[in-house]
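What follows is one structure encoded as C-alpha cells, with my remarks underneath.
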There are 2 protein chains.
Amino acid sequence: MPDPRPPRARAAARPTPDASAPPGARRATIDDVARAAGVSKATVSRFLNHRETLLTPDIATRVETAVAALGYSPSPMARALKRGRSRLIGLVVADVTNPFSVAVLRGAERACQQAGYLLMLFNLGNDSGRERAAIEALASYQVEGFILNTLGRDAGAVVDGARQGRPVVLVDRRHSGLQADFVSLDNASAVHMAAGHLAEQGWRDLLYVTEPMRGVSSRLEREAAFRAFAQQADGVRGQTFESQDGDGATDALAEALRAWRAQAAPRRAAVLSSNSVITLRLAGAMARLGWHWGRELGLVGFDDTDWAPHVGPGITTIAQPTDDLGRLAANCLIERLQGLVLPPRQILLPGQLVVRGSSLGSLAPA
Amino acid sequence: MPDPRPPRARAAARPTPDASAPPGARRATIDDVARAAGVSKATVSRFLNHRETLLTPDIATRVETAVAALGYSPSPMARALKRGRSRLIGLVVADVTNPFSVAVLRGAERACQQAGYLLMLFNLGNDSGRERAAIEALASYQVEGFILNTLGRDAGAVVDGARQGRPVVLVDRRHSGLQADFVSLDNASAVHMAAGHLAEQGWRDLLYVTEPMRGVSSRLEREAAFRAFAQQADGVRGQTFESQDGDGATDALAEALRAWRAQAAPRRAAVLSSNSVITLRLAGAMARLGWHWGRELGLVGFDDTDWAPHVGPGITTIAQPTDDLGRLAANCLIERLQGLVLPPRQILLPGQLVVRGSSLGSLAPA
DNA sequence: TTGTAGGCGTTATCAG
DNA sequence: CTGATAACGCCTACAA
C-alpha cells in the first residue's frame with residue numbers, strides 16, 4: 001500500500017501556536033483536532049493517551065498533523081474534571097520568609113516540574129490558624145497530593161480529614177498520629193554533631209536557643225537531643241532558652257546571654273542556635289552587648305545560609321540538605337501518586353557541619 | 001484601593017466538613033446538595049452565586065442547611081471549565097533563590113489569598129529558556145492572569161502570544177514592546193540616592209558592580225542611572241563592572257576591586273552593588289583581599305536583607321518595598337480581572353536608604 | 001421563583 | 001480499530 005501523503009502542508013513546521021493571534025483567540029479543543037483530522041474525538045483522545053493502542057498509521061498521521069497544525073494541547077482542567085486527577089501538587093509552607101522553607105520549595109518545585117506536575121503554593125505566613133483553610137483550598141483544586149511544611153500541634157486531624165484520601169508527605173515537621181511519609185534532617189545526629197563540636201573546641205557551658213516550641217516536632221526533637229547530649233557529656237553543662245517572637249525579642253535575648261555567660265564564668269560559654277532566624281536574632285543581641293562571636297561567646301547555628309561566612313569571623317553551621325529534602329519529598333509523593341503502596345516511610349538525611357570562626361576555641365581567650 | 005474580595009460562596013455554618021470521613025469519601029457535589037435539599041441543581045447554583053436573586057425563604061434555608069450538612073463547596077475546576085475563569089493566578093519567577101523574588105512572592109501571595117485567588121508557581125531557576133514552557137503550562141491551567149518577574153531579552157513575543165488575552169503584570173523587569181502593567185522600584189531615583197549618599201560621605205571614585213546585564217531592564221536602568229550620576233556629579237568618577245556568574249566570579253571580582261582602588265588612590269573608592277547576590281559576592285572578595293567595608297572600600301548595596309546589619313560594620317542598603325511591590329502587582333492584576341480597562345500603568349515605588357557603617361566616610365582613614 | 005436541558009473539554013464504555 | 005455517547009461538576013438560557 002503506497003503511503004497517501006495528505007495534501008496538507010507539513011504540520012510540524014509550525015512550533016509556535018500563534019504568537020500573533022488576536023487576544024481573544026480560543027485555544028484549540030479536541031473537537032477542533034478531530035474535525036481537522038476527519039476523525040472522532042475518541043480517536044484523538046486515544047492517540048493522546050493510549051499510545052500503546054495501535055492506530056492505523058494513516059489515521060495516526062492525520063491526527064498528529066492536526067494536533068501540530070493547531071498547536072493543540074489538552075486542557076488539564078477538563079482532564080482533572082473527568083479523571084479526578086489534576087497533575088497538581090499542593091505545597092503548604094509555614095513561612096515563605098524562612099530561607100529553609102524556600103530552599104525546600106526550590107527542590108520540590110524542580111522535582112515536580114520534571115515529573116510534569118505543577119505546584120500550587122499556599123503560604124501560612126506563620127499563622128497556623130489558616131492551615132485548614134489552606135488544605136481545603138488546595139483540595140478543592142483537586143491537587144493530587146500535599147507537601148506539608150506546617151504542622152502545628154493538633155493539625156493531624158485537619159490533615160487527616162481534609163486530605164480525603166490524597167497522599168501527604170511531611171517535611172521537617174512530623175505528626176505522630178498521622179500516617180504519612182516524612183522527610184527531614186536527622187535532627188538528633190545533627191544536634192549531637194554540633195554540640196559535640198562545641199565541646200571539643202573547649203566550650204563548656206552550652207545554651208540552646210530556640211524559637212518557642214509550640215509543639216513543632218523538629219523544635220522539640222532538637223531541644224531533646226540537646227538535653228540528652230548535655231546529660232551524657234562530661235564536664236559540659238547545657239540549658240535551653242526559648243526566645244519569644246515579637247518586639248522585645250532581641251533585648252530579652254541579649255539579657256539572657258549576659259546572664260548565661262555570667263553564671264558560666266570562668267568556664268567558656270557557647271550558644272547553639274536552632275535555625276537561621278534565631279541566629280540572626282542572636283547576632284542582633286551580640287551587637288547590642290558589644291560581644292564578638294568566637295571571643296565572648298561561641299556559636300554553632302542550624303541552617304547554612306549564604307551570609308553565614310560573612311558575619312563576624314564566619315558562623316559555624318549545620319548545613320541541611322535542603323535541596324534533597326525538597327526533591328525527596330516531591331518524589332515520595334509522586335511515587336505514591338503512581339500507586340506505590342507501602343507503610344509510611346521516614347527519610348532522615350544527615351546534616352553537615354561547616355566549621356567557621358564562630359566556634360573555634362583557639363580564638364577565644366576566655 | 002477597592003476591596004477586590006469576591007462574594008463568598010461557602011456558607012459559614014459548619015467549619016468541619018468531615019474530619020472523620022473515610023479517606024475515600026467523595027467530595028459532595030452540587031447534585032448531592034440539590035438532592036438533600038429537595039431542589040434542583042439550578043437552585044443550588046443560584047443560591048451560591050447570585051445571592052441577590054430572591055429565593056423563597058423556605059428554599060433558601062433548605063439549601064443552606066444542606067450545604068452546611070454536607071460540607072459542600074463548589075469545585076473550582078468545574079467552575080473554571082464552565083466559566084473559563086479559574087481563580088488562579090500564575091506567578092513566574094526568575095529565581096526563587098533570590099531573596100528579592102521571594103519577598104515579592106510573599107506580598108503577592110497574601111494579596112491573592114485575600115482576594116480569593118490561589119497562586120500557581122513556576123520557577124525558572126534562572127533558565128530563561130523555560131519561560132515559554134512556564135507560561136504555556138500555566139495558561140493551560142486557565143490561570144486568569146500572570147505576574148511575571150522574569151523577562152529576558154526577547155520574551156515579549158512569548159508573552160504576547162501565549163498569554164492569549166490574559167492580563168499580565170510585570171514586576172521589576174519591563175519589556176518595552178509589551179502592553180502591560182508594570183510595578184517596580186524607581187531605579188533611577190534609588191541609584192541617585194545611593195550614589196549621592198556615597199559622594200556626600202566623601203567617596204570619590206565609584207564602582208558600580210552588577211550582574212551581567214543580558215538585556216534585563218532593571219539592570220540596564222540602574223547602570224544607566226549610575227553613569228548619568230557620575231557624569232553630572234562634580235569631582236566624582238564612576239565606572240561599571242559586570243561580574244560574570246560562575247566559579248571564578250569571586251576571584252575576578254576581587255581582582256577588579258584591587259585594580260579599581262589602585263587607580264583611584266589616593267582618592268577614596270567605594271562600590272555600589274546592584275543587588276544582594278552581588279553584595280554577597282563582594283563580601284567574599286573583600287574577605288579574600290583582607291579589606292574591610294568602610295575602611296579600604298565604601299559600600300552601598302541594593303536590597304535590604306536581614307543580614308545586612310550584621311556583616312562588617314553593617315551594610316548600607318537601598319531597601320526596596322518588596323512587600324508593596326508584590327501586593328500592588330497582585331492588585332493591579334486583580335483589578336484588570338475585574339474588568340478595569342485602562343492603558344498600561346507604571347507603578348514606581350521609591351526605595352529607602354538605610355545608612356549603616358559600610359558607607360560612612362568618617363570611619364575611613366583613606 | 002423554580003426546574004429542565006445543554007454544554008464547557010476530556011475520557012471511558014460500549015457498540016460497530 | 002474506530003465512532004457514538006455518556007459522564008465529570010458546574011452554570012445559564014429558556015421554559016414553566
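In what follows, every chain begins at residue 1, and chains take the letters A, B, ... in the order their sequences are listed. Computed from heavy atoms alone, side chains included, the values below leave out hydrogens, waters and symmetry copies.
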*For A:L48, answer base if it contacts any base atom (sugar-phosphate contacts may also be present), sugar-phosphate if it contacts only those atoms, and nothing otherwise; contact means non-hydrogen atoms under 4.0 Å.*
nothing
*Report the residues that fulfil side-chain hydrogen bond (donor to acceptor under 3.5 Å, both in side chains) with B:S40, sequence neighbours left out, ordered by chain and then residue number.*
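Here the qualifying residues are B:T43.
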*asked:* Does anything in residues 106-122 of chain B form a salt bridge (Lys or Arg N to Asp or Glu O under 4.0 Å)? List the pairs, not counting sequence neighbours.
replied: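 Qualifying pairs: B:R106-B:D323, B:R110-B:D323.
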_Applying salt bridge (Lys or Arg N to Asp or Glu O under 4.0 Å), can you list everything that pairs with B:R130, at least two apart in sequence or on another chain?_
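B:R130: no salt bridge (Lys or Arg N to Asp or Glu O under 4.0 Å) contacts found.
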*Under the salt bridge (Lys or Arg N to Asp or Glu O under 4.0 Å) rule, collect the residues that match up with A:E144, sequence neighbours excluded.*
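For A:E144 there are no salt bridge (Lys or Arg N to Asp or Glu O under 4.0 Å) partners, ignoring immediate neighbours.
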Those residues that, when tested against [X], pass side chain to side chain contact (heavy atoms under 4.5 Å, CB included) (two or more places apart):
X: A:D95; answer: A:T97, A:N98, A:N126
X: B:T61; answer: none
X: A:R345; answer: A:D181, A:C332, A:E335, A:R336, A:L340, A:L342
X: B:T65; answer: none

Residues 71-78 of chain A, side-chain donor-acceptor partners within the protein, below 3.5 Å, at least two apart:
unit_1 : atom_1 : unit_2 : atom_2 : d
A:S73  : OG     : A:R27  : NH2    : 2.9
A:S75  : OG     : A:M77  : N      : 3.3
A:S75  : OG     : A:A78  : N      : 3.1

*May I ask you to evaluate whether A:H50 reaches the phosphate of C:dA12, defined as a side-chain N or O under 4.0 Å from OP1 or OP2?*
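It does, given that an N or O in the side chain of A:H50 lies less than 4.0 Å from OP1 or OP2 of C:dA12.
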_chain A footprint on DNA chain D, 5' to 3' - any atom under 4.0 Å from a heavy atom_ =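 First and last nucleotides in contact are D:dC1 to D:dG9.
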*Could you encode protein contacts along nucleotides 4-9 of chain C as a string, one character per nucleotide from 5' to 3', using B for base contact, S for sugar-phosphate-only contact and - for no contact, with a heavy-atom cut-off of under 4.0 Å?*
B-BBBB
*Rounded to 10°, tell me the angle between the two end axes of the helix from C:dT1-D:dA16 to C:dG16-D:dC1, each built from five pairs.*
50°
_Chi angles and distances behind the side-chain contact (heavy atoms from CB on, under 4.5 Å) call for A:L333, A:Y117_ = CA-CA 11 Å; A:L333 191 58; A:Y117 285 82; over 6 Å; no
*Could you give the CZ-to-C1' distance, from A:R85 to C:dT10, as a whole number of Å?*
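Between C1' of C:dT10 and CZ of A:R85: 13 Å.
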